[in-house]
Amino acid sequence: MDSATIAQKTLAGSFTDLLTKIQKPTPKTPTIIQRWTDQDCKDLKLYISEGKKKREIAELLDRSPEAVTYKMRKLGLSFKAQVTDKQRDIIAENYPLYGAVIIGKRLRISPDKVRKIARDMGVTYKPRDAYNPPIPKSLLPYHMVKRVSLLNRDCPLSINKVDDCVMVFYDKLAPSSPMMAMHLDDLLSALELHFGRRSGVLTGALLSGYKA
């Protein structure tokens, strides 16, 4: 091979390498960060409460599933079973008297979650010792009732004084440990059912006088 051929090949190879080097890379599409608005956060909470899946929520909010996961973590949200309105009513009605542990077992949710829901609703727990007379931890319903005390539950969902009233039963006429407690409205409902009276007639009699 003569020197001219070698020079031509060297030149051709160098020119090809030069073309390869000067090729510009395809520019990447810049990532646009879409900020979360207050309405987006409200919609996210709504979709989770409605039981929608992550990908469905991402499509509704026009975001990636990863973005939805990140925002849920920031807001402390999860796809765990949400507390129903009925469960919230149970917490509001019974938390002041029974506290988080007993209600949590009944509703099968953690006591910490019960406390948080109660705190959000402005409901506070009243310890048994704070009642006058105090309510013991172990109630003894097999004794004969000889004395009754009426207490207020201080429940924000109570519709009247009867609905808010708690009856505490004792086994002696003198001061003694209470043996059981029940809501007055439950007692009136049971009496109406037993004697075949229409619902609410005894409550009306207590609040505004008897009406046939």
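Note that these values count all heavy atoms, side chains included, but never hydrogens, waters or copies made by symmetry.
The hydrophobic clustering, which links ILVMFWY residues whose side-chain heavy atoms are closer than 4.5 Å, places I91 and V101 apart. Cluster membership for L157 and V83, using ILVMFWY side-chain heavy atoms within less than 4.5 angstrom, is not shared. Clustering ILVMFWY residues whenever any of their side-chain heavy atoms sit less than 4.5 angstrom apart, transitively, puts I102 in the very cluster that holds I90. By the rule that hydrophobic residues join a cluster once side-chain heavy atoms approach within less than 4.5 Å of another member, V201 and L187 end up as members of one cluster. Under the 4.5 Å side-chain heavy-atom criterion for grouping Ile, Leu, Val, Met, Phe, Trp and Tyr, Y70 is not connected to I57 through any hydrophobic cluster.
Considering only heavy atoms from C-beta on, C41 stays 4.5 Å or farther from Q39 through its side chain. No side-chain heavy atom of Y125 sits under 4.5 Å from any side-chain heavy atom of P96. Looking only at side-chain heavy atoms (C-beta outward), L44 and V68 come within less than 4.5 Å of each other. Looking at heavy atoms from C-beta onward, R197 lies out of side-chain contact with L202 at the 4.5 angstrom threshold. Contact check for K113 versus L107: no side-chain heavy atoms found under the 4.5 Å cut-off. Between V166 and M182 the shortest side-chain heavy-atom distance does not fall below 4.5 Å.
Considering all non-hydrogen atoms of both residues, W36 and A67 come closest at CZ2-O, 3.7 Å. Nearest heavy atom pair, residue V114 against residue Y95, reads CG1-CD1, 3.9 Å. The two residues S64 and A58 have their closest heavy-atom pair at C-CB, 3.9 Å. For I159 against D163, the heavy-atom pair with the smallest separation is N-OD2, 3.2 Å. Closest heavy-atom contact between A92 and P156: O-CD, 4.4 Å.
Ion pairing between R115 and D112 holds under the 4.0 Å rule for side-chain N and carboxylate O. Of the charged side-chain nitrogens involved, at least one lies within less than 4.0 Å of a carboxylate oxygen, so that R63 and D40 count as a salt-bridged pair.
Here the CD-CG distance, from E56 to L61, works out to 10.5 Å after rounding to the nearest 0.5 Å. Note that CG of L188 is 4.5 Å distant from OG1 of T203, once rounded to the nearest 0.5 Å. With rounding to the nearest 0.5 Å, the separation of CD1 in I103 from CD in Q87 is 11.5 Å. Taking CG from D43 and NZ from K45, the interatomic distance works out to 11.0 Å, rounded to the nearest 0.5 Å. Taken to the nearest 0.5 Å, the CE atom of M121 stands 8.5 Å off from the SG atom of C155. Atom CD1 of I48 and atom NZ of K54 lie 10.0 Å apart (nearest 0.5 Å).
The 12-atom threshold is not exceeded at CG of D38, counting heavy atoms of other residues, nucleotides or ligands nearer than 6.0 Å.
The main-chain N or O of G200 is found under 3.5 Å from a side-chain atom of E192 such that the two form a donor-acceptor pair. Checking side-chain atoms of R153 against main-chain N and O of E93 turns up a donor-acceptor pair under 3.5 Å. Using a distance-only test at 3.5 Å, with no hydrogens or angles considered, no donor-acceptor pair links the side chain of D164 to the main chain of N160.
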Practice problem: Test side-chain contact (heavy atoms from CB on, under 4.5 Å) on V162 and L207 and set out the steps. | Solution: CA-CA 8 Å; V162 171; L207 294 175; 3.9 Å; yes
Quiz item: Are R106 and N94 close enough, and set up right, to give a side-chain contact (heavy atoms from CB on, under 4.5 Å), and what steps lead you there?
Solution: CA-CA 11 Å; R106 175 180 174 183; N94 298 281; 4.1 Å; yes
